[in-house]
*Asks:* 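Following this message is one structure expressed as structure tokens.
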Amino acid sequence: MEKLGREMVGKCRGLPLAIVILSGLLLHNRSYGYWSKVKEHIWRQLKEGGSSQIEEILTLSYNDLFTPMRDCFLYLARYPEDHVIELDELKRLWIEEEFISEAEEGEGVVMEELAEDYLNELISRNLIQVESLQLNGQVLTCRVHDLVHDLAINKAKEHKLLAVFDLSKHHQDLIYYYPLLEGQPRHVIYNGLYEYLKCLKAGFDSSNLRSLALVKYFSGNVELEEMELVCNKLKYLRVLDMRSVNLRMDQC
């Protein structure tokens, strides 16, 4: 076991994130057979360069999650990079988005406790980093490393879990966003609500959309007309998160 561990750590070439993620993965199963399998899987197709090594380790750790927990992890893609996440909010959203349902509750276990278990598991695997603690030792806030965040975004797109509308990083031409948003059950808007609504006015098919969140919105107000368009066009929404924006109530 020690020899295997040293070989794998040596391949990390001193990259802290790679070592931390690898340790979280190995901690999950301490059998010799499992460690050998991890070693062979990671390094069989290893490419040159630190980022590709980390990507291999992160992907393996992600693949080791069971399906409901994978969805909870991928949902972290909704938050902007380096965002400090409140854990009570995150667990509540997991439940509202139905990643955790009553069907998964065990005897004497409620959804809130199951969400806490998922959170602790992701922390133990170092896919989530603890940012601050309460006085009783419970995790208050967390953060996601930018490389882990990139993995969540890429996998979320691949598995059609959510799409992010962000004019600050992507092409300004709205035609770019149609294939990005089409068929995605969840949309997250970082900025450009007016441009996003243009997509709705242009006949964008929103019949599959079940969740809409406005995150890190610019320091302006949401017009009542914009809200009416959201409500009229997005009739199948189950989750609407607009806590980060202001609605001009003087127009009501």
*Asks:* Decide yes or no for Leu127 and Leu65: does some side-chain heavy atom of the first lie under 4.5 Å from some side-chain heavy atom of the second?
*Replies:* yes
*Asks:* For Lys91, enumerate each residue passing the salt bridge (Lys or Arg N to Asp or Glu O under 4.0 Å) test, keeping only those at least two apart in sequence or located in another chain.
*Replies:* Asp88, Glu116
*Asks:* What I'd like to find out is whether the side chain of Leu87 reaches to under 4.5 Å of the side chain of Leu119, using heavy atoms alone.
*Replies:* yes
*Asks:* Taking all heavy atoms of Ser101 and all of Met111, pick out the closest pair and write down the distance.
*Replies:* C-SD, 3.6 Å
*Asks:* Verify, without hydrogens or angle tests, whether Ser124 (side chain) and Glu121 (backbone) share a donor-acceptor contact under 3.5 angstrom.
*Replies:* yes
*Asks:* Under 4.5 Å between any side-chain heavy atoms of Leu161 and Arg186, yes or no?
*Replies:* yes
*Asks:* Write down the atom of Leu22, the atom of Val9, and the distance for their closest heavy-atom approach.
*Replies:* CD2-N, 4.3 Å
*Asks:* Using the rule given for salt bridge (charged side-chain N to carboxylate O under 4.0 Å, His left out), can you reason through Lys155 versus Glu158, listing the C-alpha separation, both sets of side-chain angles and the distance that settles it, and then say yes or no?
*Replies:* CA-CA 5 Å; Lys155 291 293 183 181; Glu158 176 185 338; 3.7 Å; yes
*Asks:* Would a 4.5 Å heavy-atom cut-off, applied to side chains only, mark Lys39 and Ser36 as touching?
*Replies:* no
*Asks:* What's the separation between atom CG in Leu90 and atom CG in Leu76, rounded to the nearest 0.5 Å?
*Replies:* 6.0 Å
*Asks:* Please round to the nearest 0.5 Å and tell me the distance separating atom CG of Leu209 and atom NZ of Lys233.
*Replies:* 11.5 Å
*Asks:* As a quick check of understanding, evaluate side-chain contact (heavy atoms from CB on, under 4.5 Å) for Leu162 and His187, giving each step before the final call.
*Replies:* CA-CA 6 Å; Leu162 64 81; His187 291 172; over 6 Å; no
*Asks:* Which atom names give the shortest non-hydrogen contact between Asn136 and Gln138, and what distance separates them?
*Replies:* OD1-N, 3.0 Å
*Asks:* With side-chain contact (heavy atoms from CB on, under 4.5 Å) as the test, would you mind laying out the steps for Arg125 and Leu25 before giving the verdict?
*Replies:* CA-CA 6 Å; Arg125 291 171 179 265; Leu25 179 62; 4.2 Å; yes
*Asks:* Can you tell me how far OG of Ser207 sits from NZ of Lys235, rounded to the nearest 0.5 angstrom?
*Replies:* 12.0 Å
*Asks:* Applying side-chain contact (heavy atoms from CB on, under 4.5 Å) to Leu167 and Tyr196, what does each step give before you reach the verdict?
*Replies:* CA-CA 10 Å; Leu167 289 178; Tyr196 175 82; over 6 Å; no
*Asks:* Heavy atoms, side chains only, cut-off 4.5 Å: are Trp35 and Met8 in contact?
*Replies:* yes
*Asks:* To the nearest 0.5 angstrom, please state how far the CE atom of Met242 sits from the CG atom of Leu212.
*Replies:* 7.5 Å
*Asks:* Run the side chain to side chain donor-acceptor pair (under 3.5 Å) test against Ser211 and tell me which residues pass, sequence neighbours left out.
*Replies:* Glu97
*Asks:* Is any side-chain heavy atom of Val215 closer than 4.5 Å to a side-chain heavy atom of Ile189?
*Replies:* no
*Asks:* Just by distance, do the side chain of Trp94 and the backbone of Cys72 share a donor-acceptor pair under 3.5 Å?
*Replies:* yes
*Asks:* Examine the side chains of Tyr34 and Asp64 and answer whether a donor and an acceptor come within less than 3.5 Å of each other.
*Replies:* yes
*Asks:* Return all side-chain donor-acceptor pairs below 3.5 angstrom for residues 140-152, not counting sequence neighbours, or 'none' if the list is empty.
*Replies:*
residue: Thr141; atom: OG1; partner: Ser132; partner atom: N; Å: 3.3
residue: Thr141; atom: OG1; partner: Ser132; partner atom: OG; Å: 2.5
residue: Arg143; atom: NE; partner: Glu131; partner atom: OE1; Å: 3.1
residue: Arg143; atom: NH1; partner: Asp82; partner atom: O; Å: 2.6
residue: Arg143; atom: NH2; partner: Glu131; partner atom: OE2; Å: 3.3
residue: His145; atom: ND1; partner: Leu147; partner atom: N; Å: 3.0
residue: His149; atom: NE2; partner: Tyr79; partner atom: O; Å: 2.6

*Asks:* Do Arg210 and Glu98 pass the side-chain contact (heavy atoms from CB on, under 4.5 Å) test, and can you show the C-alpha distance, the side-chain angles, and the key distance before you say yes or no?
*Replies:* CA-CA 11 Å; Arg210 298 293 180 269; Glu98 298 184 350; over 6 Å; no
*Asks:* Could you tell me whether the side chain of Leu214 reaches within less than 4.5 Å of the side chain of Asp241, counting heavy atoms only?
*Replies:* no
*Asks:* For the CD atom on Glu182, are there more than 12 heavy atoms of other groups (residues, nucleotides or ligands in this structure) within a distance under 6.0 Å?
*Replies:* yes
*Asks:* Under a 4.5 Å cut-off applied to non-hydrogen side-chain atoms, are Ser23 and Asn126 in contact?
*Replies:* yes
*Asks:* Rounded to the nearest 0.5 Å, what's the gap from CG on Asn120 to CG on Asp117? Could you check?
*Replies:* 6.5 Å
*Asks:* Relative to each other, are the rings of Phe73 and Tyr62 parallel, tilted or perpendicular (30° and 60° limits)?
*Replies:* tilted
*Asks:* Determine, stepwise, if the pair Phe66 / Tyr118 fulfils ring pair (Phe, Tyr, Trp, His ring centres under 6.0 Å).
*Replies:* CA-CA 10 Å; Phe66 61 93; Tyr118 284 12; 5.6 Å; yes
*Asks:* Between Glu195 and Lys198 (salt bridge meaning N to carboxylate O under 4.0 Å), is one present in this structure?
*Replies:* no
*Asks:* Ring centres under 6.0 Å, that's the criterion: do Phe165 and Tyr190 meet it?
*Replies:* no
